Amino acid sequence: MMRREGHVPTPEASRYLQRLCYHFTRKIRVDYDEHRGEAHFPWGLCVLRADSEALHFDCSAEDDASLARVQFAIDSHVELFSRKSPVAVSWQPVQTG
């Protein structure tokens, strides 16, 4: 299993989490509340977590290509929802094993 973690520093993390998750419900299964969400993409999973300082992402998939698709979905939607005050996700690989 491949994993990547990312975060977006923002005091509006809960609002972003809820907007992203609500948007994703149109196409995929998503379970969420104001502090945590799970987006079940066909090619992987992204767990979202909001705290007072940032929105955090923990994405996982079976292979690099699938993980890249999950990351792209998150990146493109964060960009879409932050058009007025653009933010970007800072990603780091997670060592597994």
Side-chain angles (χ1 to χ4, degrees):
M1 184 70 65
M2 309 297 297
R3 285 183 53 214
R4 270 192 170 263
E5 292 180 343
H7 73 279
V8 173
T10 176
E12 298 180 345
S14 179
R15 184 175 71 86
Y16 277 120
L17 182 148
Q18 292 176 74
R19 288 186 69 201
L20 286 165
C21 288
Y22 177 78
H23 179 78
F24 290 147
T25 63
R26 298 174 185 205
K27 300 219 175 187
I28 61 171
R29 190 186 85 179
V30 181
D31 304 304
Y32 71 100
D33 60 26
E34 51 190 53
H35 302 291
R36 187 174 189 283
E38 288 187 5
H40 299 265
F41 295 96
W43 48 83
L45 172 69
C46 186
V47 176
L48 300 85
R49 185 177 52 83
D51 62 31
S52 62
E53 298 177 5
L55 177 56
H56 304 273
F57 304 94
D58 185 348
C59 300
S60 58
E62 290 296 322
D63 54 55
D64 284 330
S66 297
L67 185 59
R69 290 181 76 182
V70 175
Q71 183 178 339
F72 177 79
I74 297 300
D75 283 337
S76 61
H77 285 86
V78 166
E79 182 181 330
L80 176 70
F81 287 116
S82 69
R83 282 188 308 250
K84 292 180 182 177
S85 299
V87 296
V89 182
S90 297
W91 293 99
Q92 304 83 37
V94 176
Q95 297 298 326
T96 57

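The model shown is predicted, which means the values in this text are computed figures rather than measured ones.
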If you count every heavy atom of other residues, nucleotides or ligands that lies below 6.0 Å from Tyr22 atom OH, does the total exceed 12? no

Any side-chain heavy-atom pair of Phe81 and Val87 under 4.5 Å: no

Counting neighbours of CD on Glu53 that are heavy atoms of other residues, nucleotides or ligands and sit closer than 6.0 Å, is the number greater than 12? no

Count I, L, V, M, F, W, Y as connected when their side-chain heavy atoms are under 4.5 Å apart, and connections chain through other members. Are Leu67 and Ile28 then in the same cluster? no

How long is the span from the CD atom in Glu62 to the CG atom in Leu45, to the nearest 0.5 Å? 11.0 Å

Would you give the length of the straight line joining atom CH2 of Trp91 to atom CD of Glu5, rounded to the nearest 0.5 angstrom? 9.5 Å

Minimal heavy-atom distance between Cys46 and Phe41, with the atoms involved, is CB-CE1, 4.1 Å

Validation row: Leu20, Leu48 side chains within 4.5 angstrom (heavy atoms): yes

Should we count CD of Glu38 as having more than 12 external heavy atoms under 6.0 Å? yes

Tell me whether Val89 is reachable from Tyr32 by hopping between hydrophobic residues (I, L, V, M, F, W, Y) whose side-chain heavy atoms are closer than 4.5 Å. yes

Any side-chain heavy-atom pair of Gln18 and Glu34 under 4.5 Å: yes

Among residues at least two apart in sequence or on other chains, which ones pass side-chain hydrogen bond (donor to acceptor under 3.5 Å, both in side chains) with His23? His77

Grab the two heavy atoms, one from Cys21 and one from Val30, that are nearest each other, plus how far apart they are. CB-CG1, 3.6 Å

One should read off an interatomic distance between Asp51 CG and His35 NE2, to the nearest 0.5 angstrom, of 10.0 Å

Closest heavy-atom pair and its distance - Leu17, Gly37: CD1-N, 4.1 Å

Considering the options Arg49, Arg3, Arg4, which one meets the salt bridge (Lys or Arg N to Asp or Glu O under 4.0 Å) requirement together with Asp58? Arg3

Are Tyr16 and Thr10 packed together at the side-chain level, in the sense that at least one heavy-atom pair is separated by less than 4.5 angstrom? yes

Are Trp43 and Ile74 grouped together when hydrophobic residues (ILVMFWY) are joined by side-chain heavy atoms under 4.5 angstrom apart? yes

For the student: nearest non-hydrogen atoms of Ala61 and Met1, plus distance: O-SD, 3.2 Å

For Phe72, the other hydrophobic cluster members (4.5 Å side-chain criterion, sorted by chain and number) are none

Starting at CD of Gln71, measure out to CE of Met2 and round the result to the nearest 0.5 Å. 11.5 Å

